[in-house]
Amino acid sequence: MEGTSTKGGVLSLLSLLEVQARSRRHVPPQRSRVKELRAEAEALRVRREQLKTEIQTHQSLQRLRTSLDRQSTHDEEEEEEEEEEMDEDSENSQLLKLMARHTRVKDLLLAHHLIGGYDIVKTRHGKGVCVSVATAYEGVCLETYNLEMDLKPTLRICRHNVPPFVPLSSLAEQGDMQTDIRAFLETLSQHLNAFAGRKQQLKLVKEQHKTIEVMESNALCSILVLMFTVPKTKTAILCTLNYSDHTACLPARVQFECDVKEILESTEWRKNCSLLMETPLHKALMTMKKMGNIV
Amino acid sequence: MSSLKPFSKLPGLNTANILLVESEEQFQQSLADALVEETSVTVNVRLAKSLPLPLENEESRPRIDLVVFIINLTSELSFQSADASLKYLDPGYFLGKVCFLVTNARNASVPTERLDTVRKLAASLHCPLLFAEDQTPDGVTNATERLLTILKVAAGLVPLATALYLSNLTQCTVPLDIDQPSFD
Amino acid sequence: MAAKQNASGSAESDQSSLAEQQTSRSFNRSVRVAEKERRKTEAEDPFVPALKYFSDVEAGTPLHGNDEFERNLVLVEKVAYARGLSPEAISIMLEFAMSLRMGTSPCVRILKCLIPATVVPQEAVVRAVVWLGVGKIPISTQILFIKWVLTVFDMIDSKEQLRAVYGFIFSFVTEENLCPFICHLLYLLTRKESVRVFRVRKLLELQSKLGRQPFLLHLLSLYKVFCPELVTLSISSRMRSGFRNHNSPWKSSLIAVQKRNGSLLASSDSLPLTIKDKPNSRKRKYGHLELPVLNSLVNKQAQAESPFSRKLVPLVQLSSFTQLLENIHRIELPAQMGSLLGSSLALQYLDCVQDESALLRLNFWLGYALHEEFLFCGDGRASQNSEEALQFLDKLLSTQHFLQEAFSSSEAFLYKFLSVWDGSLLRPQILSLLSNIPVVPSSQIGRLLFEPLMQLFFTSSLFFKCGLMECLNNMLLKWLTWHSVYALEDDLDISLNSHTSINMTLSGFKDSVMELVHFVGRLASVGLQLEGSHSLLLSFILDFYETVCDTFLKYGLPLVVMPPPGVFYPALFSPDPISVDRLAFIMYRYKVNLTSAKSQEKVTEQAFHISRQTFREFNNYVVIMVNCLWNSKMFHPGMGVQLGEELLLKSNVPQYSTSFDLVHHPAFLSYAVDFHLRCWPGRKDVDLDSIKHSKPWSWYLEYLYSQGYDGLKQFVPAL
Amino acid sequence: MEDSTRRVLQRLIRRIPTPQLKTTLEKWSGMTVAQRGSMDYTQTKWALTEKLLSLCEENDWTTKHITELEMIYVIDNPNQGMWHGFQLLDPEDDAHSVELTQFKEQFKSHLGELVRHVSVKIKKHTDEAVWIRIAWGDSFSRPNHLKPTYVVHHLQTPYVFVTGLTSKQKPLLSQALVLSTRHHTIKDANLSGRKLTAIRDLLMKQYQQVFPTNFPSPLAEKNETVSNPKIEREQAGPGAHRHQMACEAFGDGMLPQLQSAVYKLETKFKDHTNRTMTERDEPFKCIVKFESTNLLESLRYCAASGIASTPVTPLLSSIPLKGRNYFVITDNGPGPSSQMHQSQN
């Protein structure tokens, strides 16, 4: 009664066999080492051929490209000799030409994108466009922001990932978007770049100047309160940077607070003030450090 | 729409090609992975959400030896899409080159009528109706093996057996209602 | 001590009180010991005063800003969630909550924390139920209470008093929101005597009002099991699980407490493990599956409660048969049903006592569990190949083997399961269950068995094919055995199954067997063809025919069916000698059966008539075998295998006619060569034909017999 | 010390699950180092509560301390209770130069003018979020610290997140906020959920949005799965497109965990033949509620797997787009109602 009937029964043994058979089937068939190597060599050869041809086409493309570039700059007669040079080329020169053009255009687009131009993509079968605005600070590419807009009936921003504290809607109203979008995008990108710049500065400050305490900051990075300490006297100086112009990376107002007034009277601190107004924060602080005004 | 034809292309040497149609695209992947493990013949698997298949793959697509419709009984949608896909198959396929694979048949949330409809469909097309346990690895391997058994025959790799012959033996039949009360 | 009281309380009524009390004491003792420990631990902690507070806080004490109440309740909750509450604690808290002494608001919170540590005293539950009647408890809370009862049902130490108020509980079904839960509770409490006409009428009335609600259907179907004459509506077996599990509010904490008390209970649980599977498999229905320890607890209850499983050990000392009868009669409700299934002694008595209602109950519950677990599983438990399922089926199997017959419910289940089976899930169990099913009338057999099996057989792997062959062989064996056991010489009416009252005439039985044999014949021929006559499959097939060829002599069933050519030839030409030998043996047995049948036909009048066809087939086969093995007259005209002369010539096999004699037959070639070497050690060039000469031939045959080919040995002289 | 303080403390400790209790108390200034050391967190909640109450006696903590503690806990576990989003409208010119200190004063004073008994506590969280805890009283009763309102605002942004606010207190709070943030009006953003973070991310667009672009990010290029050459996906193209559409509609990567979205459809019966129904003036109402542990995830899956049609119907896509999860759809043209039907499948 205890001995359960299926255990060890013929049926369960059959199942066991089946499992074993499966496991046996799933080991790949033994192939001799030599065969493998041959196959590998063959594969490699094929690959090499492919690469060769690719290189060739690429080279010819390059030649065409250069010629095209020259065409756009230089004058005709060279272009002609270009032409005949082309003619002795193989019959698919036409195709190559097209490809060349294509690559050229693409490169141009890319360049435009890299230098921070907005690139525009048609969406929903031309019913809308998607504009992306890249931001950068001191040659460092930062976030890219996107706007998706309806074209009909009127130009309208329907989707975007611009942070909420950037007054997008008001910008859209002021720089009247309908008439010239370019201007609007211009201002927007100013805002965004400035914001990105400020954020970057703050980040850098936090990284580079551990001795300086960031008392307060906000999401827009429009207000920044720092705490300096004067080396010898160890007096604390509270520095408030106010970026009231949101399209700028530099503060519009800088003010120091310190219970030892005469420090602030001193010329060097006046200089510091202007320094902070003119140069990016982290650099300014660097110089101030060098001057020995702050720790 | 162009319909898929069983004999429009030449068969490959010692190869069998199977098309798994499943609207949910869940089970087909694991099945496919298991199917291509087969070493005795080279099995090519094509996965589709529904028929008709896109025209652009027309050339690259090999001759399909077996079309499997995977139906998840818990979802009405799954059945509907399979049903809708059927009309894009050449009648030639229904001579033993189509089969239905049903999952979740033992699930409590399945209305009994649905299973009956699937049965009726399979029976009316003289196709085999397989059941599979897609949850457990064993279930998957088993389903794979059963498909392979049919596929090999359908691809003409089994001597003395043809697709039509096998499907005659295995085709689904509509059961008269087996609802004699079971608790007395 | 709750358990004790009501044990003696119920003692007045029934006369088996003596034994019962003893055992209930023995049980109570263990609990009491546990209690003592608990008391000790509680002595120092502030739990006792907290309980005290709840026991004698007077009604109408303000609740708001009542920190004392708050603190005490927190205390109780803490204990409850940590170790669970002792029986007294439960009675006190339940009493407090349901009596609404401090209004309805604390009710829910208290109910939620009623986690029993060991058992729930039943009279506490009864009182609470009474409060349901009087108190103005909000309906949601009432539902919560019933849910709680359902959750801890198996931990209620005894159900006698609950049953006593069956009618009272029943009266709640009219309350629409409570109805499902009440039905569930009734379902667990119902006994034969509690089924009454007016109750049935009430339920039917409700059904007409609420529609065919599953919970009503289930209660009704249970009623129907007890009193089929009262319940006349037909209940579809495909009905879904009616009672969902309501244990959600307590589940996690229950698990936790069980886990913690686990060790203690495990130690105090002295139950043969045979009982264990069933409760947990039933538990699954109510979703307690994840409480392994609860099961042991349940078993403890089972032990405490069902006098039967309790007397497992002293069963031998049972003096009077009447006592036993009572005990069997008082086996109650699934958990106990399970224990019943588990223990062989119980089954033994059940078998000889033939308690119809108990069997009905068993079947009902079994069919239920099977459907629940394998046909209508929830999303979570889609993967059924779990250990429980396995144990469950194995248990069922061993039970069936013990009883030598299948439960009709499991049979019904199998038919449904086959139609959705993938062919691998629990294959060994399912196939061996299948091999137990009683004879299926030939009108049904095709639809119920053959069609699903065909599809599975031809699409599944070789191993499944072999398995199915094995299974069908066993099925045939069982049928034949039943026949030989139950067939009465004087009349041909045979009852095939002592419990399921299938009676069929001998001819009917013969038809079924014939159907089966022919079916297997079909499967075998095509199967061999598809699998390239794989020798493993072939051997399983030959097993089957070894059974078939002896139906008359071994099992006295007047029936002889020859194997189809699709089996005969692959066996004859198979490259392994064993198969050929076994074929020879089978043919020999056929011969013996046929001859004896013929002789009987001569002597007795009412013997059966074997068709000329059968004889013709047999003779034909024999001729072929002899011709190709011995006389090396292969492909002679007038034989089964015929080929055009020119074709054979084209094949340019030298003297093709000899190519399948015992010397050249691929199966025996190696033997021939070996024999040749032994016979003429000197000879360099092997000339097998030289074996054909009369003397060496007889030696050769001797040599083959010496290698253990008895089939051939018996076959040859039989010619 | 007062009884009320004790109760506040008791309630608070019961609210804080034992594992968090330690970390929370560590951050709190109310206890001496020795006292912190003396805490044994393996003890039961009950014992801990007792211990803290006794400490409360000896350090005589005021309600201030306790609320301090509460704030620490709430700020660390913000995803509790129902949070509602509000949006400040038409800012004044100097709205952008509002900074913390002045905001603090302004808010306190404004609220003080509106309500006699109110205790306000403002705390700046590390991520530029300003947390405000308000315990309301009215002109007769003292502030009730058991049911405080929590307000979260990011300076210079037009969004405010509130929990535990009754309709009675709403106008007061609104006014105080509007004035102290230099805006003219405030409106309900129709966005609410159990997870503050989710609501915040959704409104402030702090989740990964996807836009159509010529220059796919290197990440997107990288994760192309190398699959078995024998397996070919026939409709790979459309699938990818569907996925792209889904991502453009709902965003990529981890999405804000929104639990529900409610659509209220109000439509008039239009049929000339049936006057009586047509002339009913109150509209037919139908409410569709989508619920899930992470609704946006599920919607994205629906779209990506083709269960829901792409391009995604505005009704669904406007959840992340407009940042709201409660919509009322009335008959202005057949458009929305038809979409409604679509959105249900």
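Within every chain, numbering begins at 1; the chains are lettered A, B, ... in the order of the sequence lines, protein sequences first and strands thereafter. The analysis underlying the following values was restricted to heavy atoms, covering all of them including side chains, and did not include hydrogens, waters or symmetry mates.
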**Asked** Would you call D:Ser305 and B:Glu25 a side-chain contact if the rule is heavy atoms closer than 4.5 Å?
**Response** no
**Message:** With a 4.5 angstrom heavy-atom cut-off, is it the side chain or the backbone of B:Glu76 that approaches chain D, or both, or neither?
**Reply:** neither
**Request:** Test D:Glu234 against B:Arg61 for side-chain contact (heavy atoms from CB on, under 4.5 Å), laying out the working first.
**Result:** CA-CA 9 Å; D:Glu234 287 279 357; B:Arg61 186 182 309 129; 2.7 Å; yes
**Message:** Please determine whether side-chain contact (heavy atoms from CB on, under 4.5 Å) holds for the pair D:Arg233 and B:Gln28, giving the CA-CA distance in whole Å, both sets of side-chain angles, and the decisive distance to 0.1 Å.
**Reply:** CA-CA 10 Å; D:Arg233 217 169 250 293; B:Gln28 58 176 191; 3.1 Å; yes
**Item:** Toward chain D, the part of B:Ser50 with a non-hydrogen atom under 4.5 Å
**Value:** both
**Message:** Counting heavy-atom pairs under 4.5 Å with chain D, which one of B:Leu19, B:Val43, B:Val36 comes out on top?
**Reply:** B:Val36
**Asked** Between CG of B:Leu53 and CD of D:Gln235, what distance do you get to the nearest 0.5 Å?
**Response** 6.0 Å
**Message:** Using the rule given for side-chain contact (heavy atoms from CB on, under 4.5 Å), can you reason through D:Glu232 versus B:Ser60, listing the C-alpha separation, both sets of side-chain angles and the distance that settles it, and then say yes or no?
**Reply:** CA-CA 10 Å; D:Glu232 191 75 35; B:Ser60 69; 5.8 Å; no
**Prompt:** Taking atom NZ of D:Lys289 as the centre, does the number of heavy atoms from other residues, nucleotides or ligands within less than 6.0 Å exceed 12?
**Reply:** no
**Request:** Would you sort out whether B:Glu38 and D:Lys230 count as a side-chain contact (heavy atoms from CB on, under 4.5 Å), showing the intermediate values?
**Result:** CA-CA 11 Å; B:Glu38 176 67 13; D:Lys230 288 186 190 167; over 6 Å; no
**Prompt:** Measuring heavy-atom distances to chain D, does B:Asp33 have an atom under 4.5 Å in its side chain, in its backbone, in both, or in neither?
**Reply:** both
**Item:** Min side-chain heavy-atom separation D:Ile231-B:Gln29 under 4.5 Å
**Value:** yes
